[in-house]
Enquirer: 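Here it is, the structure in full.
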Amino acid sequence: MVALLLILVPVIGGLLSFFIKNEKSVKGFAVFISLVTFLISLMGVFSTDTSMLHFDKAWMPELGSRITLGLDGVGKILTLLTAASMPVILISTYKNTYHNANRFYGLMLLCQAGMLGVFVSMDILLFYFFWELSLIPAYFLCSSWGGEKRIRVTYKFFVYTFLGSLLMLVSVIFIYFKTSDHSFSMQSFYHVKLSATQSQWMFWLFFVASAIKMPVFPFHTWQPDTYEQSDTAVTMLLSGVMVKMGVFAVIRWLLPIFPVTAQNNSSIIIGLAVFGMIYASLIAIRQDDMKRLVAYSSIAHVGLICAALFTNQNIGTQGAIIQMFNHGINILGLWIVADAIEQKVGTRKFSELGGLSQKAPTLAILFVVLCMANIALPLTNAFVGEFLMFNGLFRYNPIVAGMAITCIILVVVYTFGMIQKIFYGNTSALTGTAKDSSFNINAVLVILVIVVVVLGVYPQPLINLAQQSFNLIITKTP
Amino acid sequence: MNEIIFSAIWGVIMMFCSFLVSNKSAYRHIAAIGLLVLLIVNMMETGGTVIFKVDTMGMLSYSTFGLLFNSIAIGCTLLYVLVSGKDIERLEKNIAEYLVLLFFVLCGVGILSAYNNLLMLFIGIEILTIPLYILTGSDKHNLKSNEAALKYFLMGSFSTGLMLMGIALMYGGTGTFTLEVARTETGLYKGVSFLEIVGLLLLMTSMCFKVSAAPFHFWTPDVYDGAPSVVTSFMATIVKVAGFIAFLKLCYIRMIGTSSAIDWRLLFSIIVVATLLFGNITAIFQQSVKRMMAYSSIAHAGFMLFALFSLNDFANKGLLLYSVAYCLATIGVFAVLAKVKDITYEGYNGLAKTQPVVAAANTVFLLSLAGIPLTAGFLAKYYMLSAVIATGTYTWLVVTGVVFAAISSYYYFRVIQAMYFKTGDPQTEDISGSFKVGLLALAAIIIIVGIFPQIIFNWLYF
């Protein structure tokens with residue numbers, strides 16, 4: 001029931017939003033719906049009654065597909081992240097005005113519904129449905145609101161991801177015909193038997209889809225442009241949550257279906273991921289635009305998550321699952337600050353910023369804490385995840401781990417560079433007249449900072465949730 | 001049988017109407033009623049009630065599959081008349097005759113879905129296409145329309161010649177016109193004569209021409225572009241899909257029968273790839289939406305050819321589903337196209353501002369054509385891909401297919417982009433409330449079929 005409600009509430013809320021013409025009321029309504037969704041997801045996280053969490057109904061008997069929804073450990077973490085980030089996004093951008101506000105909020109909620117659907121689907125065809133459906137509102141969101149080049153950039157984003165998902169579809173159909181009972185259920189897919197060549201091919205078709213979503217080098221080229229051009233609220237949704245869909249697909253489907261093939265190909269994937277990390281970090285250092293910098297930093301962080309997943313070490317997988325949540329929280333915070341600065345000052349370029357700490361001390365303090373989390377300093381949430389992941393990577397191969405660890409230094413370089421260029425030094429023409437951030441932004445950031453610190457000191461609840469999921473993956477690996 | 005006779009009768013009734021009824025808008029209402037009657041009698045036959053019992057000496061035989069396809073074709077034509085009826089009226093002063101032609105086309109569809117004899121195939125194809133030559137040229141004062149009609153006629157009659165030649169050779173090879181041939185499993189090619197193979201190849205060429213599969217697709221863009229939009233809508237949908245149903249039956253019986261002598265799958269895989277390639281790549285470079293839709297219809301033919309390639313249960317169901325998805329979506333896109341005065345992409349700029357309902361419905365049609373989940377187009381593509389994978393070979397063909405499906409999203413989304421994200425002042429004809437209702441109904445059917453495909457398949461087990 002909880003899983004079904006998680007999808008239905010935002011869908012209905014989103015559809016209703018289209019008909020509310022008044023901008024004020026549609027904003028309030030969207031925030032209300034997102035809070036309701038958040039409460040439901042909290043219920044899901046704390047509920048132990050499995051009958052409450054699961055939902056099963058026949059759908060397309062011709063094909064053997066069922067509407068099977070459920071929440072397991074990683075599902076709980078990610079639905080919580082999705083449901084929690086929506087109110088954060090909507091409240092922090094509450095003061096922004098959008099033309100066609102009803103459409104904007106309607107699409108945001110529909111996009112959220114699609115992503116929640118991805119995280120609760122236990123039937124792979126249903127999973128695929130939601131995977132594609134979340135893309136359509138995202139396409140409209142990115143194309144309608146944002147920078148000048150948004151239409152062309154979103155086009156690239158869409159065609160890229162659409163191609164990836166279709167390749168995944170081929171893999172899904174192929175495995176479907178190999179299942180013993182011709183069904184799309186998780187159980188049948190986990191127990192499917194493929195020959196070595198078949199699983200090699202299907203593995204890569206499937207992997208490309210999630211690699212494009214994550215994104216892993218060399219499939220990342222859509223990401224910085226899309227993040228830069230789309231409206232910051234949309235960017236938050238894309239980078240905070242949608243990126244996790246790619247990682248989630250690996251955990252929920254790819255690793256359990258192809259345990260052996262994943263192990264055989266791990267060197268290639270980890271190689272690409274680690275190379276992508278260093279590459280993205282180096283590019284991030286050279287960026288002048290705050291959004292682009294955070295976008296490249298995100299590629300580096302997600303690259304590490306991807307690498308850790310394929311190490312086939314308990315500890316690495318566990319770290320990756322935890323880090324998905326933490327990365328979502330941290331990057332949301334960074335985007336909120338980026339948006340606040342853009343709204344107050346009117347630019348995101350480092351060359352036009354500076355000395356903002358004199359004008360906006362509260363924002364500066366909160367931002368620095370979030371930056372600490374971005375570089376994974378101890379006592380912040382990211383430290384726990386990254387420590388586990390590097391640990392796993394080290395057990396896999398010390399040389400690769402050593403290369404990946406150089407990234408920590410690079411992260412420090414660009415993150416501290418960013419702090420310096422925005423908040424310290426002399427005020428520029430634009431920042432001279434800036435005021436401190438508004439109450440709602442401060443409130444949201446304070447909450448995020450509290451989460452960052454609490455999970456940094458006491459990460460056990462997250463680790464427990466992650467435990468449930470990686471047991472599933474590990475037991476499958478011979 | 002019900003459908004063939006009723007469509008012929010109603011066609012004649014409509015002809016008399018043209019001078020007995022003077023009210024112009026009454027014609028399309030009469031046509032709509034006629035189509036409704038056709039739909040009912042056809043469904044009655046599905047249920048077992050045959051009104052006219054005609055002994056065709058085994059030349060026609062009805063299966064649930066064929067009857068279901070008839071229902072789909074009639075239903076789509078009905079929706080077509082309801083949505084685009086007003087645009088048909090704008091074609092000419094005396095429009096009753098044009099509506100009559102629709103009924104004769106449906107008569108041809110009825111024969112094609114039931115033929116059991118090569119002569120019937122030939123007659124069906126002719127009944128189907130001759131009205132189309134007239135319809136293509138119905139915009140008499142437009143030079144492009146005339147050119148298209150002549151081109152279509154010349155090319156069409158040439159391909160008909162090939163078809164007759166093929167049938168004659170097949171007769172020479174097997175000694176019969178019936179589809180089923182008793183084969184003795186002896187001799188060089190296990191009882192398959194050389195003449196029959198050559199005949200089949202000629203027949204296949206001709207059928208590929210009719211369904212505009214590459215490399216016999218060259219007439220399609222010019223004819224579809226030259227014909228009035230309302231006519232193109234009908235030609236590109238019901239007529240094309242009927243061609244596929246006829247082709248499917250031919251493949252099932254004759255091509256499987258001769259598969260010991262020739263590898264049809266290899267041949268079809270080449271045609272599929274060529275069709276997808278020409279259709280999709282050329283569609284990208286078009287500036288006019290109408291021409292883009294012409295190439296997109298070639299691309300969709302490529303996808304429907306997957307059914308002929310694989311010939312299994314998924315292929316049958318998939319072709320039915322594809323017919324519904326493709327026809328409804330294309331009818332919708334063309335209905336909107338007929339209302340927009342400038343048919344380049346620029347003509348759609350800002351349509352979402354001035355006509356939000358039309359733009360929203362058009363978006364659903366385009367999403368369905370692109371194959372996005374929750375629309376019928378996705379499941380149709382899904383079935384086609386499944387059909388190929390179920391054959392257990394040629395998995396590379398599926399990958400090729402999806403790559404082209406992704407490419408196709410490029411040009412469909414260009415229209416969505418123009419409607420929603422570009423600013424402009426699109427000029428449209430008068431858009432009535434009933435037109436909007438019709439479009440929304442089309443969109444609703446597409447989405448319902450996309451979620452519950454059973455509502456179509458349940459008829460198969462009637």
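In what follows, every chain begins at residue 1, and chains take the letters A, B, ... in the order their sequences are listed.
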Enquirer: Check A/Y139 against B/Q417 and note the closest heavy-atom contact, atom names and distance.
Expert: OH-CG, 3.6 Å
Enquirer: Would you say NZ of A/K149 has more than 12 non-hydrogen atoms from neighbouring residues, nucleotides or ligands within 6.0 angstrom?
Expert: no
Enquirer: For a quick test of reading the model, state the closest non-hydrogen atom pair linking B/S409 to A/V159 and the distance between them.
Expert: OG-CG2, 4.1 Å
Enquirer: Ring centres under 6.0 Å, that's the criterion: do A/F177 and B/F314 meet it?
Expert: yes
Enquirer: Sort out for me which of B/Y383, B/Y382, B/Y420 touches chain A most, counting heavy-atom pairs under 4.5 Å.
Expert: B/Y382
Enquirer: Chain B heavy atoms under 4.5 Å from A/F158: which part of the residue, side chain, backbone, both or neither?
Expert: side chain
Enquirer: Rounded to the nearest 0.5 Å, how far does OG1 of B/T395 lie from CH2 of A/W201?
Expert: 9.5 Å
Enquirer: Please classify the contact of A/L205 with chain B as side chain, backbone, both or neither, using a heavy-atom distance under 4.5 Å.
Expert: side chain
Enquirer: Minimum heavy-atom separation for B/P373 to A/Y128, with atom names?
Expert: CG-CE2, 4.2 Å
Enquirer: Please find the pair of heavy atoms, one from A/S144 and one from B/F421, that lie closest to each other, and give the distance.
Expert: OG-CE2, 2.9 Å
Enquirer: With rounding to the nearest 0.5 angstrom, report the CG to CZ distance, B/L385 to A/F174.
Expert: 13.5 Å
Enquirer: From A/I136 CD1 over to B/I372 CD1, what is the distance, rounded to the nearest 0.5 angstrom?
Expert: 4.0 Å
Enquirer: For B/I407, is it the side chain, the backbone, both, or neither that has a heavy atom closer than 4.5 Å to a heavy atom of chain A?
Expert: neither
Enquirer: Checking heavy atoms, do the side chain of A/M168, its backbone, both or neither come under 4.5 Å from chain B?
Expert: neither
Enquirer: Let me know if B/T363 has heavy atoms under 4.5 Å from chain A in its side chain, its backbone, both or neither.
Expert: side chain
Enquirer: List for me each residue that meets side-chain contact (heavy atoms from CB on, under 4.5 Å) alongside B/A405, sequence neighbours excluded, and say none if there are none.
Expert: A/L166, B/F303, B/K381
Enquirer: Side chain, backbone, both or neither: which part of A/R103 has a heavy atom under 4.5 Å from chain B?
Expert: side chain
Enquirer: Assess whether atom CH2 of A/W204 is packed by more than 12 heavy atoms of other residues, nucleotides or ligands within 6.0 Å.
Expert: yes
Enquirer: Test side chain to side chain contact (heavy atoms under 4.5 Å, CB included) on B/L374 and A/L133; report intermediate values, then the result.
Expert: CA-CA 8 Å; B/L374 221 63; A/L133 281 182; 3.9 Å; yes
Enquirer: Which heavy-atom pair separates B/A370 from A/F162 by the least distance, and what is that distance?
Expert: O-CZ, 3.6 Å
Enquirer: Looking only at heavy atoms and a cut-off of under 4.5 Å, which of A/T154, A/L167, A/L163 has the most pairs with chain B?
Expert: A/L163
